[in-house]
> 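Let me begin by handing over the structure; questions about it come next.
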Amino acid sequence: MSIFSEIRRHVMAALDEMVADGTLPAGLDFGRVNVEPPRDPSHGDMATNAAMVLAKPAGSKPRDIAEALAGELAKRQEIDSAEVAGPGFINLRLDPALWRRCIGDVLAAGAAYGGSDTGGGAKVNIEYVSANPTGLLHMGHARGAVFGDALASLLAKVGYDVTREYYVNDAGNQIDILAESLIKRGRQLAGETIPDSEFEGFYPGEEVIDAARAANEEDPDWLSLPDGDRHAFARRQAVDFLMVRIREDLAHLGIEQEIYTSEAALVADGAVGRALDTLESRGLIYTGVLEPPKGKKPDDWEERPQTLFRATDFGDDVDRPLKKSNGEWTYFATDIAYHLDKYRRGFATLIDVWGADHGGYVKRMNAAVDAITEGEAALDVKICQLVNLMDKGEPVKMSKRAGNVVTIREVVDEIGKDVVRFIMLTRKNDAPLDFDFAKVTEQSKDNPVFYVQYAHARVHSVFRQARTTIPDLPLDDESLAEANLELLTDPGELALIKTIAGWPRIVESAAEAHEPHRLAFYLNDTAAEFHAHWNRGKDEAGLRLVVDSDRELTLARLAMIRALALVIASGLEVFGVMPVEEMR
RNA sequence: GCGCCCGUAGCUCAGUAGGAUAGAGCACGAGAUUCCUAAUCUCGGGGUCGCAGGUUCGAAUCCUGCCGGGCGCGCCA
């Protein structure tokens with residue numbers, strides 16, 4: 001049990017006692033009572049708003065409840081003092097031994113520290129990347145890829161049974177165009193002269209040429225197949241080839257998704273028809289005519305009756321079409337079937353990670369999931385804003401049409417997956433992110449990856465130092481766990497310990513909010529605190545971590561910073577970043 | 001025109017699902033290296049949290065309206 005839930009339990013118990021002895025009326029709802037560390041550390045270790053929240057329902061003044069509750073809490077051995085402050089807060093100071101004990105918890109748990117079983121093994125499906133296999137992944141995809149992957153790890157850490165998934169959009173128009181692009185490239189490779197102008201509107205990437213070569217190896221005569229067969233062959237070849245490349249690139253980023261669901265397979269299987277039949281049977285599908293969008297009317301707008309889903313019944317703004325005029329399903333229709341498929345596979349919690357350009361699609365998908373699962377499944381769509389690629393402050397221009405996209409592969413090869421992954425998580429997912437190639441490779445505190453890694457490396461550096469100066473001091477985790485932590489009395493040390501002890505709380509709240517970036521901010525703050533403490537040892541020799549003349553004190557301090565390194569490692573593990581032990 | 005996201009220090013952003021005197025970094029100014037990595041640290045100035053109302057013990061946070069920016073808006077995915 002974490003120190004936070006322990007103290008919360010004390011507050012709850014104290015409230016129960018006050019109900020028992022008549023100080024508080026029975027039947028109060030304690031749901032809004034919180035117990036958390038105050039923003040301002042001078043207020044103490046923990047604070048509770050219980051008196052203010054309960055004053056009105058209990059029919060008494062906040063101060064009176066606060067005084068009584070504080071008196072009750074102060075009796076407890078774990079709580080050194082309880083003071084009423086401000087409008088009715090109760091500030092608690094804890095027995096420092098409680099905090100120190102957390103160091104032992106970290107050493108025992110290792111990098112697994114901060115994990116929990118809050119999720120209770122509930123199945124969560126998180127779908128991310130899901131880029132169309134019409135080209136290689138570029139840096140625009142990297143953010144969603146890393147975000148989804150880190151969120152998955154984060155949820156796994158707090159006890160969810162997480163499945164990572166990629167939805168392959170291998171049906172529809174774009175794939176037809178891809179197939180035709182492949183055929184053009186095939187003819188080109190066969191010696192035919194095809195002017196660039198003929199590639200207008202097709203996929204120009206070099207990877208399509210590679211795919212055509214692969215097609216030649218698969219079947220040297222594929223170009224002479226009858227038109228329909230050739231097209232089908234080209235589709236299959238192109239998609240298979242590009243998916244292999246995409247998966248390779250993701251693997252380079254440290255991402256491996258366990259499920260790849262094919263849109264084409266869902267369609268071929270009849271899943272779309274079945275899903276829509278279900279909606280039909282509930283009266284949620286009708287044929288109607290939509291109003292043209294106001295303000296911006298498409299030039300080729302014509303009124304036509306369409307097959308529509310009653311999305312407005314589920315909070316959407318308009319009803320949404322399910323069929324194209326050529327009789328094919330819309331992307332939305334297949335997506336309904338896909339989400340139903342996920343639900344049927346046992347996932348009541350679904351997370352989709354999408355790019356900013358799909359933001360307008362969120363409401364209808366939520367409506368659809370609500371309708372198709374009869375409210376049984378919860379969908380959370382996380383939108384990742386754009387990544388602005390920069391170099392030394394100047395924007396790097398990227399245009400798919402001009403063919404000068406910056407691919408994930410290039411960047412990972414150049415600066416490494418760990419840097420890319422960490423930087424992508426240093427902003428809230430729905431805020432735009434600047435990714436400056438010069439800055440992220442810089443070795444300074446400007447660069448959060450470096451700064452955090454350096455803190456981790458510095459801990460190891462201190463250990464190397466200790467091994468030199470006190471060679472016979474045992475420094476394995478078991479020995480460190482035996483250290484006499486009572487020797488850690490300096491305010492800087494206690495502050496560091498409290499920060500370390502706060503890690504499970506951060507993990508918990510980040511997981512609940514589906515916001516992995518909170519870990520990045522915590523890691524940065526923790527690194528800063530450690531660097532500051534380290535420097536204090538420069539001014540005051542008594543605060544140095546390695547004290548040649550005092551083995552016991554050194555052991556206690558090393559236990560503390562070992563715990564700190566483990567917490568950093570724990571965070572980096574969620575991010576899929578390798579902690580470094582040396583930075584020379 | 002409608003919907004979603006956003007508006008916090010000169011700049012880039014946090015702000016722990018409503019808490020106490022709103023925080024970091026950059027930039028700017030002043031300092032710290034016989035010593036565990038100065039790739040670091042310390043101190044300082046800097047704000048009507050876009051504007052106006054509302055909800056309540058209490059609002060950057062929730063509600064309404066306006067202003068400003070981004071994204072999207074039938075048969076693309």
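Keep in mind that the numbers below use all heavy atoms, side chains included, and drop hydrogens, waters and symmetry copies. In what follows, chains are A, B, ... by sequence order, proteins preceding strands, each numbered from 1.
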> Whole angstroms only, please: what is the CG-C1' distance between A:Asn169 and B:rA77?
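Roughly 6 Å, once rounded to whole Å.
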> Atom NE2 of A:His43 to atom P of B:rG23: distance rounded to whole Å?
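Result: 11 Å.
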> Between A:His358 and A:Asn34, which has a closest nucleotide on RNA chain B that is more 5'?
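Its nucleotide being nearer the 5' end, the pick is A:Asn34.
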> For the atom pair CG (A:Leu543) and CZ (A:Arg557), what is the distance rounded to the nearest 0.5 Å?
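Answer for the CG-CZ pair, A:Leu543 versus A:Arg557, is 6.0 Å.
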> In whole Å, what separates the C1' atom of B:rG53 from that of B:rU16?
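Between the two C1' atoms, the distance is 29 Å.
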> Over how many whole Å does the gap from A:Asp317 atom CG to B:rC5 atom P extend?
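Going from A:Asp317 (CG) to B:rC5 (P), I get 11 Å.
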> B:rC73 P sits how many Å from A:Asp319 CG, rounded?
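Answer to the nearest Å: 18 Å.
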> Heavy atoms under 4.0 Å, any strand shown: does A:Asn49 hit a base, just sugar-phosphate, or nothing?
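The residue A:Asn49 makes base contact.
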> What distance, rounded to whole Å, do you find between the two C1' atoms, one in B:rA24 and one in B:rU42?
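Approximately 16 Å lies between the C1' atom of B:rA24 and that of B:rU42.
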> If you measure from the P atom in B:rA22 to the same atom in B:rC26, how many Å do you get, rounded?
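Per the computed distance, 22 Å lies between those P atoms.
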> Establish whether the base of B:rA14 is bridged to the side chain of A:His517 by a donor-acceptor pair shorter than 3.5 Å.
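For A:His517, whose side chain was compared with the base of B:rA14, there is no donor-acceptor pair (under 3.5 Å).
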> At under 4.0 Å, does any side-chain N or O of A:Lys538 touch on OP1 or OP2 of B:rC41?
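Answer is no, no contact under 4.0 Å.
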> Within 45° of the ring axis of A:Phe4 and under 6.0 Å from its six-membered ring centre, is that where the NZ or CZ of A:Arg505 lies?
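Yes, A:Arg505 and A:Phe4 form such a contact.
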> Could you state the atom-to-atom distance from CG of A:Leu564 to P of B:rC36 in whole Å?
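My rounded result for the distance is 20 Å.
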> Using a distance-only test with no angle check, is there a side-chain donor-acceptor pair under 3.5 angstrom linking A:Tyr286 and A:Asp319?
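Their side chains do contain a donor-acceptor pair, which is all the 3.5 Å distance test asks for.
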> Rounding to an integer number of angstrom, what distance separates B:rC4 and B:rG65 when you compare their P atoms?
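Those two atoms are separated by 11 Å.
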> Relative to the ring of A:Tyr338, is the ring of A:Tyr167 parallel (under 30°), tilted (30 to 60°) or perpendicular (over 60°)?
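Taking A:Tyr338 first and then A:Tyr167, their aromatic rings lie parallel (interplane angle under 30°).
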> Looking at B:rC76, I'd like to know if its phosphate oxygens (OP1 or OP2) sit under 4.0 Å from a side-chain N or O belonging to A:Lys324.
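Answer is yes, contact under 4.0 Å.
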> Mind checking if A:Arg518 touches a base, just sugar-phosphate, or nothing, with heavy atoms under 4.0 Å?
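A:Arg518: backbone/sugar contact only, no base atoms under 4.0 Å.
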> If pairs are Watson-Crick or G-U with both distances under 3.5 Å, what is the dot-bracket string of RNA chain B, marking crossing pairs with [ ] and pairs to another strand with |?
(((((((..((((.....[...)))).(((((.......))))).....(((((..]....))))))))))))....
> Find out whether A:Leu488 and A:Leu496 are in side-chain contact, i.e. whether some heavy atom of one side chain is under 4.5 Å from a heavy atom of the other.
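Sidechains of A:Leu496 and A:Leu488: no contact.
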> Contact class for A:Glu328 (heavy atom, under 4.0 Å): base, sugar-phosphate, or nothing?
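Touches nothing.
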> Test your reading of the model: is there a side-chain donor-acceptor pair from A:Thr48 to the backbone of A:Asn34, 3.5 Å cut-off?
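Yes: the side chain of A:Thr48 pairs with the backbone of A:Asn34.
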> Do A:Gln174 and A:Thr134 meet the criterion of a side-chain donor-acceptor pair at a distance under 3.5 Å?
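No - no donor-acceptor pair under 3.5 Å links their side chains.
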> Using a 4.0 Å heavy-atom cut-off, does A:Val318 contact any base of the nucleic acid, only the sugar-phosphate backbone, or nothing at all?
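Here A:Val318 touches no strand at all.
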> Does A:Lys56 put a side-chain nitrogen or oxygen below 4.0 Å from OP1 or OP2 of B:rU56?
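Checking A:Lys56 against B:rU56: no side-chain N or O falls below 4.0 Å of OP1 or OP2.
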> Could you give the CD-to-C1' distance, from A:Glu529 to B:rA24, as a whole number of Å?
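Taking CD of A:Glu529 and C1' of B:rA24, I get 13 Å after rounding.
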> Using atom types as modelled and distance alone, determine if a side-chain donor or acceptor of A:Arg143 lies under 3.5 Å from a backbone N or O of A:Gly355.
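Checked: no pair found.
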> Nearest-nucleotide wise, let me know which of A:Ala466 and A:Tyr451 is further upstream toward the 5' end of RNA chain B.
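Counting from the 5' end, the first nearest nucleotide belongs to A:Ala466.
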> Based on the glycosidic angle (syn within 90° of 0, else anti), state the conformation of B:rA30.
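Here the answer is anti: the torsion falls beyond 90° from 0.
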> Using a heavy-atom cut-off of 4.0 Å across all strands, would you classify A:Ser509 as base, sugar-phosphate, or nothing?
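Here A:Ser509 touches the backbone only, sparing every base.
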> So if I define the base as every atom that isn't primed, P, OP1 or OP2, how would nucleotides 42-47 of chain B read as a B/S/- string at a heavy-atom cutoff under 4.0 Å?
S-----
> Is the base of B:rA20 touched by the side chain of A:Asn91 through a donor-acceptor pair closer than 3.5 angstrom?
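In this structure, the two groups form a donor-acceptor pair.
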> Taking only the side-chain heavy atoms of A:Val546 (C-beta and beyond), determine which of B:rA17, B:rC36, B:rU16 contains the nearest atom.
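The answer is B:rC36.
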> Contact class for A:Leu290 (heavy atom, under 4.0 Å): base, sugar-phosphate, or nothing?
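Result for A:Leu290 = nothing.
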> What nucleic acid atoms does A:Tyr361 come within less than 4.0 Å of, heavy atoms only: base, sugar-phosphate, or nothing?
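If one applies the 4.0 Å heavy-atom cut-off, A:Tyr361 turns out to touch a base.
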> May I ask you to evaluate whether A:Lys428 reaches the phosphate of B:rG15, defined as a side-chain N or O under 4.0 Å from OP1 or OP2?
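Result: yes.
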> How far, in whole Å, is B:rA27 from B:rG70 if one measures between their C1' atoms?
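Rounded to whole Å, the distance is 26 Å.
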> Would you indicate what A:Pro62 reaches in the nucleic acid, counting non-hydrogen atoms under 4.0 angstrom: base, sugar-phosphate, or nothing?
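No contact.
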> Atom CD of A:Glu581 to atom C1' of B:rU37: distance rounded to whole Å?
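Taking atom C1' of B:rU37 as the reference, CD of A:Glu581 is at 15 Å.
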> So A:Pro448, base contact, sugar-phosphate only, or nothing? Heavy-atom distance under 4.0 Å.
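Nothing, no heavy atom under 4.0 Å.
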> Under a 3.5 Å distance rule, please check whether A:Ser181 uses its side chain to pair with a backbone N or O of A:Phe202 as donor and acceptor.
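Judged by distance alone, no pair lies under 3.5 Å.
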> Rounding to a whole Å, what distance do you find between A:Arg304:CZ and B:rG74:P?
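In whole Å, B:rG74 P and A:Arg304 CZ are 13 Å from each other.
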> Would you measure the distance from the P atom in B:rA30 across to the matching atom in B:rG45 and give it in whole Å?
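Straight-line distance between the two P atoms is 16 Å.
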> Rounded to the nearest 0.5 Å, what separates atom CD in A:Glu263 from atom CH2 in A:Trp329?
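CH2 of A:Trp329 is found 12.5 Å from CD of A:Glu263.
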> Once the angle between the rings of A:His141 and A:His138 is folded into 0 to 90°, is it parallel (under 30°), tilted (30 to 60°) or perpendicular (over 60°)?
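Geometry flag for A:His138 against A:His141: tilted rings.
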> Mind checking whether A:Phe147 and A:His517 have side chains closer than 4.5 Å, heavy atoms only?
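With C-beta onward as the side chain, the pair stays apart.
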> With rounding to the closest Å, how many angstrom separate the C1' atoms on B:rA20 and B:rA59?
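To the nearest whole Å, 13 Å.
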> Taking only the side-chain nitrogens and oxygens of A:Arg458, find out if one of them lies under 4.0 Å from OP1 or OP2 of B:rA38.
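Result: yes.
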> Under 4.0 Å between any heavy atoms, over every strand shown, what does A:Lys363 touch: base, sugar-phosphate, or nothing? Just pick one.
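It contacts sugar-phosphate atoms only.
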> Identify whether any heavy atom of A:Gly359 sits under 4.0 Å from a base atom; if not, whether one sits that close to sugar-phosphate; answer base, sugar-phosphate or nothing.
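Nothing, no heavy atom under 4.0 Å.
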> Give a yes or no answer on whether the side chain of A:Asp341 reaches the backbone of A:Ala337 with a donor-acceptor pair at less than 3.5 Å.
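No, A:Asp341 side chain to A:Ala337 backbone: no donor-acceptor pair under 3.5 Å.
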> A:Pro504 and A:Ile500: which non-hydrogen atoms are nearest, and at how many Å?
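Looking at all heavy atoms of both residues, the closest pair is CD-O, 4.2 Å.
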> Please classify the nucleic acid contact of A:Ala55 as base, sugar-phosphate, or nothing, using heavy-atom distances under 4.0 Å.
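Contact class for A:Ala55: none.
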> Mind checking if A:Phe89 touches a base, just sugar-phosphate, or nothing, with heavy atoms under 4.0 Å?
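Touches a base.
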> Which atom pairs link the protein and nucleotides 58-69 of chain B when you take only N or O atoms and keep those under 3.5 Å?
from   : atom 1 : to      : atom 2 : distance (Å)
B:rA60 : N6     : A:Arg39 : NH2    : 3.1

> Just to be sure I understand the rule, does A:Ala356 reach a base, reach only the sugar-phosphate, or reach nothing, if contact means heavy atoms closer than 4.0 Å?
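Contact class for A:Ala356: sugar-phosphate only.
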> Of the nucleotides B:rU37, B:rG72, B:rA14, which has the atom closest to the A:Phe521 side chain?
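Closest nucleotide to the A:Phe521 side chain: B:rA14.
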> Between B:rG25 and B:rU40, how far apart are the C1' atoms? Round to whole Å, please.
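One C1' to the other, the span is 15 Å.
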> Any donor-acceptor pair under 3.5 Å linking the side-chain atoms of A:Asp352 with those of A:His358?
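On atom types as modelled, these side chains do not qualify, holding no pair under 3.5 Å.
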> When you check the gap from the basic side-chain N to the acidic O, do A:Lys342 and A:Glu165 get nearer than 4.0 Å?
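Looking at A:Glu165 together with A:Lys342, the answer is no, because their closest N to O distance does not fall below 4.0 Å.
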